[in-house]
Amino acid sequence: MVARASLVVIYTGRLEECREFYTSLGLEFEAEQHGDGPPHYAAVLHDGLVIELYPGGPERRTGALRLAFEVDGLSGGAPGRQVLRDPDGRPVEVLVRE
């Protein structure tokens, strides 16, 4: 059996700030809303992994999470590995390739 991640949902109290942060890492988000659900954002990575940003709330609690991305070039970022913090304080490891 082979498993691969297909969806990561990040719940946040800072939806727009998180969208801007993850967009700065190269993710391209589209606004979405399913039925009566909340407006949110979704990005599809080249391998098909979907990353969604949803507004947090009592039924959608935010929490600890650590993500890692490899990016080709990063505005203002030197090549190598660095750990950034998203607007909610979650660590985001970024490997910047030349």
Side-chain angles (χ1 to χ4, degrees):
M1 176 174 23
V2 175
R4 75 173 188 85
S6 61
L7 173 67
V8 173
V9 178
I10 301 170
Y11 297 104
T12 177
R14 297 180 169 105
L15 188 62
E16 292 301 324
E17 290 131 310
C18 278
R19 182 189 58 79
E20 290 174 13
F21 173 82
Y22 289 102
T23 296
S24 75
L25 299 179
L27 280 73
E28 296 180 16
F29 289 96
E30 296 286 333
E32 293 187 344
Q33 184 172 8
H34 310 291
D36 292 334
H40 62 281
Y41 294 101
V44 181
L45 303 185
H46 72 281
D47 64 355
L49 174 65
V50 177
I51 297 180
E52 293 186 328
L53 300 174
Y54 264 83
E59 70 286 351
R60 292 184 195 95
R61 298 178 59 150
T62 62
L65 176 70
R66 182 170 180 147
L67 297 170
F69 295 97
E70 291 184 24
V71 299
D72 293 325
L74 182 64
S75 179
R81 192 173 305 274
Q82 54 188 298
V83 177
L84 307 174
R85 296 239 173 229
D86 79 2
D88 289 315
R90 289 179 282 262
V92 179
E93 186 175 314
V94 180
L95 174 58
V96 180
R97 298 194 178 277
E98 293 185 44

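Hydrogens, waters and symmetry mates are skipped; everything else that's a heavy atom, side chains included, is used. Numbers here simply count residues along the sequence, with the first being 1. All values derive from a computational prediction rather than experimental measurement.
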Q. Within 45° of the axis and under 6.0 Å from the centre of the six-membered ring of Phe29, does NZ or CZ of Arg19 qualify?
A. no

Q.
Are Arg90 and Arg66 packed together at the side-chain level, in the sense that at least one heavy-atom pair is separated by less than 4.5 angstrom?
A. no

Q.
Run the side-chain contact (heavy atoms from CB on, under 4.5 Å) test on Glu17 and Thr12 for me, step by step, so that the C-alpha distance in whole Å, both residues' side-chain angles and the decisive distance to 0.1 Å come before the verdict.
A. CA-CA 9 Å; Glu17 290 131 310; Thr12 177; over 6 Å; no

Q | Between OH on residue Tyr22 and CD1 on residue Ile10, distance to nearest 0.5 Å | A | 4.0 Å

(Q) For a quick test of reading the model, state the closest non-hydrogen atom pair linking Gly48 to Arg4 and the distance between them. (A) C-NH1, 4.4 Å

Q. Are Val9 and Leu65 in one and the same hydrophobic cluster, where Ile, Leu, Val, Met, Phe, Trp and Tyr link if side-chain heavy atoms are under 4.5 Å apart?
A. no

Q: Look up atom CD in Glu30 and atom OH in Tyr41, then write down how far apart they are to the nearest 0.5 Å.
A: 10.5 Å

Q: Using the rule that two of Ile, Leu, Val, Met, Phe, Trp, Tyr join whenever any of their side-chain heavy atoms come within less than 4.5 Å, decide whether Val8 and Leu53 are in one cluster.
A: yes

Q) Taking side chain as C-beta onward, heavy atoms only, is Pro55 less than 4.5 Å from Tyr11? A) no

Q: State, yes or no, whether a side-chain contact exists between Arg85 and Pro91 at a heavy-atom distance under 4.5 Å.
A: yes

Q. Is there a path of hydrophobic side-chain contacts, each under 4.5 Å between heavy atoms of I, L, V, M, F, W or Y residues, that connects Val44 with Leu7?
A. yes

Q) Do Val50 and Glu52 touch side chain to side chain, with heavy atoms closer than 4.5 Å? A) yes

Q. Does a side-chain N-to-carboxylate-O contact under 4.0 Å join Arg14 and Asp88?
A. yes

**Q.** His40 side, atom NE2; His34 side, atom NE2 - distance, nearest 0.5 Å
**A.** 3.5 Å

Q: State yes or no: do Leu25 and Ile51 share one hydrophobic cluster built from I, L, V, M, F, W and Y residues joined by side-chain heavy-atom distances below 4.5 Å, directly or via other members?
A: yes

Q: Tell me whether Leu49 is reachable from Phe21 by hopping between hydrophobic residues (I, L, V, M, F, W, Y) whose side-chain heavy atoms are closer than 4.5 Å.
A: yes

Q: Any chance you could measure Asp47, atom CG, to Ser6, atom OG, to the nearest 0.5 Å?
A: 10.0 Å

Q | Interatomic spacing from CG in Leu84 to CD in Gln82 - rounded to 0.5 Å | A | 5.0 Å

